[in-house]
Amino acid sequence: MSFLKRNINCGELRDTDVSRKVVLNGWAATVRNLGGLIFVDMRDRYGITQVIFEPEFNPELAEKAKEIRSEFVLWVEGEVRLRSNPNQVIPTGLIEVVASNFGIINKAELPPFPIEDGIETGEETKLKYRYLDLRRPELQRKFIIRNKLYQIVHQYYHDNNFLEVETPVLMKSTPEGARDFLVPSRINKGKFYALPQSPQIFKQILMISGFDRYMQIVKCFRDEDLRSDRQPEFTQVDVEMSFIDRDDIISVTEGLFVKVWKEILGLDIQSPIRRMSYAEAMSSYGSDKPDLRFGMEINHLSSGLMSTEFKVFQDIVAANGLIASIKVTNGASLSRKIIDELTEFAKKYGAKGLAWIKISNGEISSPISKFLTEEQMEFIIRSNDAKDGDLILISSDKRNRALTILGALRLEVARRQGIFEKVKNNFEFLWVVDFPLFEYDEEAGRYFAMHHPFTSPMEEDFHLLDTNPGEVRAKAYDIVCNGAEIGGGSIRIHDNVIQQKMFDKLGLSESEIDEKFGFLIKALKYGAPPHGGIALGLDRIVMILSGTDNIRDVIAFPKTTSGLSLMDGSPSEVELSQLNELGIDLFRKTE
RNA sequence: GGAGCUGUAGCUCAGUUUGGUUAGAGCGUCUGCCUGUCACGCAGAAGGCCGCGAGUUCGAGUCUCGUCAGCUCCGCCA
């Protein structure tokens, strides 16, 4: 007999089960040996159940139980009975299982860290032993949420007549956008597949094929640097619909979020979700994904400072830049050192400096007060609605830079003031709409598609395409929750002529277009329906649902910041013979 | 590509400012005792390439340079 199979799990026994004969399988979470009595907490995915070995009842068994150590895999047969000292902390705390027989199915080495919630072990150790980290209830809870999300997403789109279709993982490398992961072809030496950054083109082609409503929960790959909310492979809920406009995508997507929040968190989210133009988001929050859980909006000051004597402001006004500020309520108590730190923080975003005004006990103190007239100072204070005890932080720069700096400062100040901690159970959704079609890259000296090159311009801005491409707005939209971009999409170009014009604006040559996207252009000529869609960042949604700020917590086997998988040791070198088969020759970097 | 923080016992960390006997603590582990624990308790013990490599010095955990790794951020991420 290798082991007796369980007929009950470690989380389900209650006082109503008293005197049942049961068999448990699981891991020994903790062992408390009192000399005679031995208590073993058995753990599985469902919970923890206390098992007791009594020498009075079964001396040989109790003797054998002394061998049990942490994380041994056990089967235990016994009878359920009420505890004389109940434990109110766990759901099974009213009962215990009196062992009548048991076996060690497998021994375990001493784990490098305790398998329990709230541990402070370093990331490196935890990732190396990911299988042990994943044994912790805290982490399992997140994957249970993730699984619920999969089920709701599939059910929801199925109920709404969407078809799930799988798209290739080996596809053609395309320019624009993120760096591709490349896969060499053995059969076609010197040629490469790319892993999809998203199934964008395939889902559009599925629309041309008449699939009408497509969805897929799909892995995407981008060879870019990692962040706490970015992994090189991640999961999207990919959606595309035909014969629709922007509001159709928005309402279908909102329906999903309403259902998800209701079924997973038991919360009713406000629908319709608020909408804000990209222009307003940037102007008031300095971000295209504003966190609306708190205020601290950006106040624009240029208009009242046109005639300033202050050289720094003068130059900005003359260069058509922007002077703007945020108010830090009760910020006057912040020390010079803290303000210096905030200045350093602002410099990461390209700020040259940071001006500030403190109002404290009726006194105004500011390094720039000597450059401002009383009226100007009054104007700044009034514009910020600042009261005694407040601090005003002022940025003056090129318009977009000044806004970005203040947007970043707004979040940093909120973090330092403990505002995020206060609002951590709030959920503020937002649609950001009317994105620019293009953004200009100074370095490359040309326009790039802000969303992607298949995004449709708004009809009313068509006339600007040739004269002022930077002003053209796109039929693109992002969905934001608590300052995180959790999805984005657009209405696509279904007209081949406009698509050609778009490529033309992006500075792609005829031959380049033909080589990279020829198949899409061709497909668009065969009767493309109007279509559009959205891609939702599933990992980020799970992050928000499970209350974590790190994407590693919601991906079973994540990579480190430098893209390594510490458990399996990838990426790794390969055999020379493998490279030879692929026709690949490596060269070493020489200095 | 760049910046910051971190690396000392299985784990979490002190010690580095000002170089100097045998590198400490808590938790965990092991051994013994212990019949109602659930952070069990009590007594004892074991456990260290101070990330790695150079250098300075009579002497380096401590200073210098390099390097590797983890985390966070900027760039990057249509």
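- Between B:C11, B:C76, B:A69, one nucleotide has an atom nearer to the side chain of A:Glu124 than all others, and that is B:A69.
- A donor-acceptor contact under 3.5 angstrom links the side chains of A:Ser509 and A:Ser511, judged on distance only.
- Distance from the side chain of A:Glu123 is smallest for B:C71 among the nucleotides B:C77, B:C11, B:C71.
- Distance noted for atom P between B:G53 and B:U62: 12 Å (whole Å).
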B/S/- along nucleotides 35-41 of chain B (protein heavy atoms under 4.0 Å) is BBBB-B-
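- With P as the reference atom, B:U12 and B:G7 are 11 Å apart, rounded to whole Å.
- With rounding to whole Å, A:Arg227 atom CZ is found 14 Å from B:G1 atom P.
- Under the 6.0 Å cut-off for aromatic ring centres, A:Phe517 and A:Phe503 qualify, their centroids lying closer than that.
- The nucleotide whose nearest atom lies closest to any side-chain atom of A:Thr560 is, among B:G70, B:C73, B:C11, B:G70.
- Rounded to whole angstrom, the span from the CG atom of A:Asp229 across to the P atom of B:C71 amounts to 14 Å.
- For B:C71, the base has no donor-acceptor partner in the side chain of A:Arg552 [N/O atoms by modelled type, under 3.5 angstrom].
- In the set B:A69, B:C76, B:C73, the nucleotide with an atom closest to the side chain of A:Asp225 is B:C76.
- Between A:Phe454 and A:Pro111, the residue whose closest nucleotide on RNA chain B is further toward the 5' end is A:Pro111.
- The interatomic distance linking A:Glu109 (CD) with B:G28 (C1') rounds to 16 Å, in whole Å.
- When the C1' atom is compared between B:G28 and B:C13, the two are found 14 Å apart, to the nearest whole Å.
- Atom P of nucleotide B:C73 and atom CG of A:Asp549 are separated by 9 Å, given to the nearest angstrom.
- Taking atom NZ of residue A:Lys348 and atom P of nucleotide B:G2, one finds them 17 Å apart after rounding to whole Å.
- For the C1' atom pair drawn from B:C38 and B:G48, the interatomic distance equals 34 Å after rounding to whole Å.
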From CA spacing to verdict: ring-ring contact (aromatic ring centres under 6.0 Å, His included), A:Phe57, A:Phe53:
CA-CA 8 Å; A:Phe57 175 71; A:Phe53 295 89; over 10 Å; no
